[in-house]
Every structure is written in C-alpha cells, then in structure tokens.
Amino acid sequence: DQQVKQNSPSLSVQEGRISILNCDYTNSMFDYFLWYKKYPAEGPTFLISISSIKDKNEDGRFTVFLNKSAKHLSLHIVPSQPGDSAVYFCAASAIGNEKLTFGTGTRLTIIP
Amino acid sequence: DAGITQSPRHKVTETGTPVTLRCHQTENHRYMYWYRQDPGHGLRLIHYSYGVKDTDKGEVSDGYSVSRSKTEDFLLTLESATSSQTSVYFCAISPVLTASTDTQYFGPGTRLTVL
C-alpha cells in the first residue's frame, strides 16, 4: 500500500520555465512533508519541507504547496536550471512517528 | 556535508552468500537508518537504530539484520542473499528522533547485485 504517491515517473521541462512536481498521500495522520533531491550515484539531499499548519513554503527558486483537503502537495521550481535535473522524492511523516515514508520519485530533466 | 561513508560502494555476490554493508559516521548522531531504493518503490526503511545496541525494524526488514556496537557504525547483514535483495542501499543519520525536521542526512549508497 503506497501511502505517498508520485504518479509521474518522469518530467521534461525547458530551461527557464517552471517545473511542477506532484505528490499525493493517503494517510491523514501525515503532518510534515519533505522534498529530497537525488543525483545519480549520490544519496538524497534535503531540499524543502512544509508543516501541515502551512499551505506554502518558499525557499529561493523552490516553493512547496500543500492542499490538505485534497491530500496533495506540489513542488514548483522557477526558473528551472540544468542543475535541477535529478530525481525528486516526496516524503511524509506522521505525528509521533520518527520514520519517513517516501514516494516513488520523479525524474526531472531540464532541457537546455 | 554530513560525514557519512558506506562500504563497499559496489558489490556483486551470489545467491545464498552472507553480505554485510557498513555505514560509518563522524557526526556522533544518535539515530541511524538503513533504506533500500528500488524502481517503483522509492526508498523504504529496512531497520533503524536509536542508540548503541538499540535497533528496531522498518517496513521491509525480512531477510535483514543489523547491529550497532559503536555510535559511529551501523552494519546491515543479509544472512543469505537472494536476488530480490538486489538494490541500492542507503544509510542515513539524524541527531534527533522525530522525522518532522530537515535533519536526516544520507550516505552515498551501496549498489548490491545478487546473482
């Protein structure tokens, strides 16, 4: 049972345009959400997070939006740059649970 | 960058053989985790440790055991490797227990192939 879903395995975006990566979840107990970025042959690195008490968090070119009623979050990258080409994982945690639940990942390719 | 190393980085082994993967940290973080990454599944937690000699199971622990005799080392053992354990294995460390922080740091991974 995949509690965190990233339905798009891959996405290609032109350099300079906006990249939108989506994530859906089913567990209503999730209260904290994170995005990780992963380059080939490296471990995932933390990118941005959002608490369930917020609906938006912004950090430079990266913005995460949370829609709790729809159990949906999205990561916006604008403008997209070639260095953004990577696999992006959505992750979630529940109150009182120290473990992260990850999505399946979306491979983002930025086309120069 | 958090000081996390994994060894070996690549390993090919045969079905039925024992395999041990090592995670070593220089950050003195209390919590350590082992994940596996597979296509279509993302990262899944195998085992984690909340202190020396204190470990617990994750969602895919069958066929794996762990040990932590020192703060800095967390070992993952496949007692008898199977082809279904072919995967990329990541170690992670964290100074705090709750996942509601941005402080889980990952190692570079070990690619294991079981023939």
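All chains are named by letter (A, B, ...) in the order of the sequence lines, taking the proteins before the strands, and each is independently numbered beginning at 1. The structure presented is a predicted model; accordingly, all values stated were derived computationally and were not measured.
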- Task: Can you establish whether the number of heavy atoms outside A/Lys68 located under 6.0 Å from its atom NZ is more than 12?
- Result: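 More than 12 within 6.0 Å, yes.
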
- Query: Can you name the residues of residues 58-70 of chain B that have some heavy atom under 4.5 Å away from a heavy atom in chain A?
  - Reply: none

- Query: So which of B/Arg111, B/Gln37, B/Arg9, B/Gln6 has the largest heavy-atom pair count under 4.5 angstrom toward chain A?
  - Reply: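 Ranked by heavy-atom pairs under 4.5 Å with chain A, first place is B/Gln37.
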
- Message: Under a 4.0 Å threshold between the charged nitrogen and the carboxylate oxygen, would B/Asp38 count as salt-bridged to B/Arg44?
- Response: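 So B/Arg44 pairs with B/Asp38 through a salt bridge.
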
- With B/Phe106 as reference, evaluate A/Tyr36, A/Tyr39, A/Phe46 under the ring pair (Phe, Tyr, Trp, His ring centres under 6.0 Å) test and give the passing residue. A/Tyr36

Tell me if the aromatic rings of [X] and [Y] count as close, with their centers under 6.0 Å from one another.
X       : Y       : value
A/Phe65 : A/His76 : yes
B/Tyr33 : B/Phe90 : no
B/Tyr48 : B/Phe74 : no

- Under a 4.5 Å heavy-atom cut-off, does chain A meet the side chain of B/Leu45, its backbone, both or neither? side chain

- Message: In terms of relative ring orientation, are A/Phe102 and B/Tyr35 parallel, tilted or perpendicular, with 30° and 60° separating the classes?
- Response: perpendicular

